[in-house]
K.L.:
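Structure in structure tokens, see below.
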Amino acid sequence: MTSSRAGRRTLLAGFVAAAAGAPLHDYWMFEGLRSSGAVPGNGDLHVTSTHNDDPVARSLAAGSANVLSLHGCTAAQAGLPAGTKGLVVGGGNGRLRTILADKLGRAGFVVAPGGPEQLNGDLPENICNRTLTGEGGGQLELTYELRKSLFGDFAGAPNASSPTRRAQSTNTDFWKFTDACRAALAQMEAEQLARGSIFDRPVAG
């Protein structure tokens, strides 16, 4: 989960250092570090977006104008053909969803048409929608194939003995993805600030 603080320009940093000179971004992550094949496995640690009650995560979301959360899914869950390197754009902020889909599509990523109900992230209880403005946030569900394609050493999954191995193998596509998300958040925040107050809602029509 990444968040955009009200009153300052902040951008998605990912879980590695942001590009030189880029503004930093609040960041919270929950990740299982059990070894592959462990019993019980990391699947037993899964917490859904609507059941995330971590006080730090909720505090970050509640103090941020925008939140972008990233999750993993299968191509089938996303409604995409098997093996597709794609993603589902969701979240309670319809405008942010539109911007994210546009930026990621222009960056060359496959954005699933529509949004499967179980992945659309629009429930008020979803951690990404617990924002300062009440406008909701954005949620991205990345297929396994897309997640794997963003790293040179995806097999080097983080674990207790090597927590940064995968993060040290980011590739060009990773940074295309990151830059597209940064650009979307920057545009969303610019539009909010242009209203005169981040608490003003856009006028329909």
K.L.:
First locate atom CG of L70, then atom CE of M29, and finally report the distance between them rounded to the nearest 0.5 Å.
P.N.:
11.0 Å
K.L.:
I want to check something: taking the side chain as every heavy atom from C-beta on, are L87 and C73 in contact at a cut-off of under 4.5 Å?
P.N.:
no
K.L.:
What pairs of residues pass the salt bridge (charged side-chain N to carboxylate O under 4.0 Å, His left out) test when at least one of them lies in residues 74-96, not counting sequence neighbours?
P.N.:
R95-E191
K.L.:
Should the pair R182-D179 be classified as a salt bridge under the 4.0 Å nitrogen-to-oxygen rule?
P.N.:
yes
K.L.:
Who are the salt bridge (Lys or Arg N to Asp or Glu O under 4.0 Å) partners of D102, not counting sequence neighbours?
P.N.:
R106
K.L.:
Between C128 and G121, which heavy-atom pair has the shortest distance, and what is it?
P.N.:
SG-O, 4.1 Å
K.L.:
To the closest 0.5 Å, what do you measure between CD1 (I198) and CE (M188)?
P.N.:
10.5 Å
K.L.:
With sequence neighbours excluded, what pairs up with F199 under the ring-ring contact (aromatic ring centres under 6.0 Å, His included) test?
P.N.:
none
K.L.:
Looking at N52 and D54, would you say the former's side chain and the latter's main chain have a donor-acceptor pair under 3.5 Å?
P.N.:
yes
K.L.:
Once side-chain hydrogen bond (donor to acceptor under 3.5 Å, both in side chains) is applied, do any residues pair with T74, and if so which ones, sequence neighbours excluded?
P.N.:
Q77
K.L.:
Nearest 0.5 Å, please: how far is CG in L100 from SG in C181?
P.N.:
6.0 Å
K.L.:
What pairs of residues pass the ring-ring contact (aromatic ring centres under 6.0 Å, His included) test when at least one of them lies in residues 69-91, not counting sequence neighbours?
P.N.:
none
K.L.:
For the atom pair CG (L185) and CG (L96), what is the distance rounded to the nearest 0.5 Å?
P.N.:
6.0 Å
K.L.:
Cut-off 3.5 Å, no hydrogens considered: what does the side-chain donor-acceptor table look like for residues 136-145, sequence neighbours left out?
P.N.:
residue	atom	partner	partner atom	Å
Q139	OE1	N126	ND2	2.7
Q139	NE2	L119	O	3.2
Q139	NE2	E141	OE2	3.4
T143	OG1	T84	O	2.8
T143	OG1	G86	N	3.2
T143	OG1	G86	O	3.3
T143	OG1	L146	N	3.3

K.L.:
Quick one: closest heavy-atom pair of R58 and D53, and the distance?
P.N.:
NE-CA, 3.6 Å
K.L.:
Test of understanding: clusters of I, L, V, M, F, W, Y form through side-chain heavy atoms closer than 4.5 Å, transitively. Do V67 and V88 belong to the same one?
P.N.:
no
K.L.:
In the hydrophobic cluster built from side-chain contacts under 4.5 Å, what are the other members alongside L80?
P.N.:
V110
K.L.:
Checking A107 now: which residues fulfil side-chain contact (heavy atoms from CB on, under 4.5 Å) with it, not counting sequence neighbours?
P.N.:
F109, A180
K.L.:
Please answer whether the main-chain N or O of G91 pairs with a side-chain N or O of R97 as donor and acceptor at a distance below 3.5 Å.
P.N.:
yes
K.L.:
Identify, with sequence neighbours excluded, every residue that meets side-chain hydrogen bond (donor to acceptor under 3.5 Å, both in side chains) alongside N93.
P.N.:
none
K.L.:
Between atom OG of S49 and atom CG of N129, what is the distance when rounded to the nearest 0.5 Å?
P.N.:
8.5 Å
K.L.:
Nearest 0.5 angstrom please: T172 OG1 to L150 CG, how far?
P.N.:
11.0 Å
K.L.:
In chain order, what residues pass the side-chain hydrogen bond (donor to acceptor under 3.5 Å, both in side chains) check against D200, with sequence neighbours excluded?
P.N.:
none
K.L.:
Could you list all the salt bridge (charged side-chain N to carboxylate O under 4.0 Å, His left out) pairs where at least one residue sits in residues 120-139, not counting sequence neighbours?
P.N.:
E135-R195
